[in-house]
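Proteins come first, then strands; the chains are lettered A, B, ... in the order of their sequence lines, and each starts at number 1. All heavy atoms count here, side chains included; hydrogens, waters and symmetry mates do not.
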There are 2 protein chains.
Amino acid sequence: MQDYTPAQQRVLDAAAAAFSEHGFGGTSTRDIAVRAGRSPAAVYVHYSSKEDLLFAVSRRGHEAALRAMLDARDTATCPHDRLTAMVHASTLWHLENALLARVVQHEFGALTEPHRSTIAALRRETSQLVVDAIEDGNASGDFDVADHDVTGTARALLSLAIDLVRWFSPDHLDRAEGIANLNVRLAERMVGSRHRPPPRSPSTGR
Amino acid sequence: MQDYTPAQQRVLDAAAAAFSEHGFGGTSTRDIAVRAGRSPAAVYVHYSSKEDLLFAVSRRGHEAALRAMLDARDTATCPHDRLTAMVHASTLWHLENALLARVVQHEFGALTEPHRSTIAALRRETSQLVVDAIEDGNASGDFDVADHDVTGTARALLSLAIDLVRWFSPDHLDRAEGIANLNVRLAERMVGSRHRPPPRSPSTGR
DNA sequence: CTCGGTGATAAGCGAACGCTTAGGTAAGCA
DNA sequence: TGCTTACCTAAGCGTTCGCTTATCACCGAG
C-alpha cells in the first residue's frame, strides 16, 4: 500500500468522514477542506480531482479490509478455523471502521475508469478468499455446500459484514465483538460445518 | 398507500432511476426532469422539494417491500414455511426492483425529519416480521436460535436480500429465482431449521 | 362564455459547485 | 545567500445547483 504524507493523510481522513456522511455526490470539496483544516485549493495540491480522492479512500479501505482477512486466514490451520477467523475479522473491520467501510462498500458507483477496475479487482480478490475457504472445507469434509452454491454462499457470507455499515454507528463499538461472534455462528451454519466448538456463553447481542 | 397521479408517477419513476444511479446528492432535479420528459419546474408542481421526492420514493419502496413480505407470510401456515416464504419474497422483491431497492436501502441518511422517522418505523415493522417468525419457529421446536441471537439473526436474514442491491443488475433477472432459492436454503441453515424439504435439483447459481 | 383546476413552461435568482492560478511561507541544502 | 521543495492561501472562473415566479394551455362544469 502506498504511503501517504501527513498532509495527504489529513485530507484523506476528512474525505472519508465527509463521503461517509453525505455520499460522494453530496459532499463538496469545500466541506472536505474545512474538515481537514485547510483551504479548498489545498485539496488539489495532493489529489488531482474529487474522484481521485474517492479512489484513494476506497483503495485504502479495500486494501485494509483485504489485509485483515488475509491476516486472519493465515492464523488458521484448518478450513473451519480459516473461514470463521476471516468472518470474524471482516465483521470487526467493518464495525471498527464503519465510516470508511461505508464509503468503500457504497460508493463504488461513483468511481470512473480505470479506478473502478482497480477496486473491482480488489473485491474479486476478497471474494475469492471466501470461495477458497469454502472449497477447502468441502474437500476436507468439514463443510457441506453444494458446488453450485459455493459462490453464492461466499457472497452471502461477505454480506453479513458488509451490510452492517448501512446502520452501525461507531458509538456502539462495545457491541462489535458480540456481533462478530454471532456472524461466526451464522457462518458455521451457512456452510454446514460439522466442526463446531462447544457453545460459548452468551456474550452480547441485541 | 397513497395513490399517485400519472404525472406524479412519472416524476417518481424518473427520480428512482436517477437516485439509484447517482445517489441523492449526485442527482440534480434537472436530471430528474429530463428523465421524466418535463421541465425542471414541473418537478415542483408535484413535490415540494428534492428531499420530499426522495421521501416519496423511499416510502413507496419500503411499503412495497413490506407488503411483499406480509403477503408471503400470510400464505404460510407453519413457521418454517412462513420464514422461507418471506425470505424468498424479500429476495425476489429486491432483485426485481433493484433500482428502487437501492434507493430504499442506501439513501436513508439523506432523509430529514419527520420523513426519516416515518421510514425508520417502516423498517422496524419489517424487521419485526422476521423476529416474530424466528420466535414462532423456536416455540414450535422447528428452529434453534438462541434467545439472544434472535434479533441479530433476523437482521442477518434481511441482509441476505438487502445487500444484493449493491451489485445486482436488472440485466440478470434470469438469475433472480436461483438467488432467492439459495437464500432460502441459507436461511434454513441460519435458523437451524429441522423442517427441510428434500434437496431440490440445482436450479441456477453462479 | 366564463371560471376554476390541473399541469405545464421559460426565465431567472441567489448560492454553491469543482477546479485553477498567482503568489506566499518555511525548511533544508549546497 | 540563493535555490529547491513541499505545502499553503486568496481570489476567482465558468458552470450548475435547488427552487421560484409569472404566464400559459387545456379541459370540464355551470
* Outermost DNA chain D nucleotides near chain B [under 4.0 Å, heavy atoms] -> D:dC17 to D:dT21
* What residues form a side chain to side chain contact (heavy atoms under 4.5 Å, CB included) with B:Y44, not counting sequence neighbours? -> B:T29
* Kindly say whether A:W93 contributes a backbone atom to a donor-acceptor pair with the side chain of A:N97 at under 3.5 angstrom? => yes
* Asked: So, the side chain of B:S169 versus the backbone of B:H172: is there a donor-acceptor pair under 3.5 Å, distance only?
  -> no
* Of the residues in residues 10-40 of chain A, which ones touch DNA chain D at a heavy-atom distance under 4.0 Å? -> A:R30, A:R38, A:S39
* To do: Establish, from distance only, whether the side-chain atoms of B:S140 and B:D142 form a donor-acceptor pair under 3.5 Å.
  => no
* Asked: Cut-off 3.5 Å, side chains only: do A:E125 and A:H62 have a donor facing an acceptor?
  -> no
* **Check: B:S159 side chain, A:S159 main-chain N or O, donor-acceptor pair, under 3.5 Å** => no
* **Sidechain-backbone polar pair: A:D31 side chain, A:T27 backbone, donor-acceptor under 3.5 Å** => no
* Main-chain N/O of A:A72 paired to A:T75 side chain as donor or acceptor, under 3.5 Å -> yes
* To do: Using modelled atom types only, decide if a donor and an acceptor are shared between the side chain of A:N181 and the backbone of A:E177 within a distance under 3.5 Å.
  => yes
* **Plane angle bin for A:H106 and B:H106 - parallel if under 30°, tilted between 30 and 60°, otherwise perpendicular** => parallel
* To do: Could you pull out all residues at least two apart from B:D74 that satisfy salt bridge (charged side-chain N to carboxylate O under 4.0 Å, His left out)?
  => none
* Residues from residues 48-57 of chain B sitting under 4.0 Å of DNA chain D, heavy atoms only? -> B:S49, B:K50
* Asked: NA contact type, A:A41, heavy-atom cut-off 4.0 Å: base, sugar-phosphate, or nothing?
  -> base
* For B:F168, does its backbone N or O pair with a side-chain atom of B:R102 as donor and acceptor, under 3.5 Å? -> yes
* Asked: Along DNA chain C, 5' to 3', what are the outermost nucleotides having an atom less than 4.0 Å from a heavy atom of chain A?
  -> C:dC17 to C:dT21
